[in-house]
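To start, the structure itself, in structure tokens.
Note that the structure is a prediction, hence the values are computed from the model and not measured.
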Amino acid sequence: MKEFDYSVVKHYRFYGFVKKVFGPFFKMLYKLRFKGLENVPKDTSQRYIVAINHTCAFDPVFVAIPKNVPPLHFMAKVELFKNPVVGWVIEHLYGFPVKRGKGDTSAIEYGEKIIREGHVMAICPEGKRVKDKDGVPQKAKSGVAIIAKATGASVLPVAICCNGKIKAGKRVTVSYGKILSLSDLGLDKEKTEVGDIKRAANMVMDSILELWESEKNGNQAR
């Protein structure tokens, strides 16, 4: 497997091409519906992380399709990069490898670099895909809060919701919540403890769950 270069954040035209050409195809194939797009920051200088519940391999693709959502640099499990073709595509869509469950400092530091250089990073706080057939969001790992604290970035919670397993032909709703500042997350203190980081990560996940439940309850009422 080709070693990923964590030393520099590269730029690829391939991303814009895929978004423009394949975005409409994905919207039709998965019957995508978007809510709360007004919550996406309009100020391009604002530092923020997009936090998404992990439903399927296309989570960052779904979230990035609307025109007002900037390119998202996202973490992807290192195993996907072992296939040279798949790895090339993911890398040119701004994905970067992370070794799950091993405290991958290279991926964390690269995520911080992405944000400090003015880009937007996407992360699935759960750390792995949810196996629950209804896609109920699960507990968050600490990564999202660690990166937010290190960079001063806010967090934009986004929930992906579908009745049952996500697959072609089913309606998928992407709901963007209100942005959470460092102050909202309790991370604006000069010194933070491990407990503060965990509480902040859980707060992000609670916001995602609230969006998810709101959409689920709305579907059941219809």
inquiry  = If only side-chain N and O atoms count, and only distance matters, is there a donor-acceptor pair under 3.5 Å linking T173 with R33?
reply    = yes
ask   = Can you find a side-chain donor-acceptor pair between Y176 and E38 that sits under 3.5 Å?
value = no
query = Looking only at atom types and distance, does a side-chain atom of K31 sit under 3.5 Å from a main-chain N or O of G169, one as donor and one as acceptor?
reply = yes
task = Please answer whether the main-chain N or O of K189 pairs with a side-chain N or O of K149 as donor and acceptor at a distance below 3.5 Å.
result = yes
message = If we check side chain to side chain contact (heavy atoms under 4.5 Å, CB included) with V50, which of these qualifies: V144, V69, L72?
response = L72
Neighbour count above 12 (heavy atom, 6.0 Å) for [X] [atom1]:
X	atom1	answer
E112	CD	yes
F22	CZ	no
K170	NZ	yes

query = Of the non-hydrogen atoms in V40 and P70, which two are nearest, and what is the gap between them?
reply = CG1-CD, 4.5 Å
ask   = Between F26 and Y30, how do the two ring planes meet: parallel, tilted or perpendicular, split at 30° and 60°?
value = parallel
remark   = Rounding to 0.5 Å, atoms CD (Q138) and CG (L209) come to a distance of 9.0 Å
query = Which residue pairs satisfy the ring pair (Phe, Tyr, Trp, His ring centres under 6.0 Å) criterion with at least one member in residues 68-88, sequence neighbours excluded?
reply = F14-W88, H73-Y94, H73-H119, W88-H92
query = Are the ring centres of Y6 and F4 closer than 6.0 Å?
reply = yes
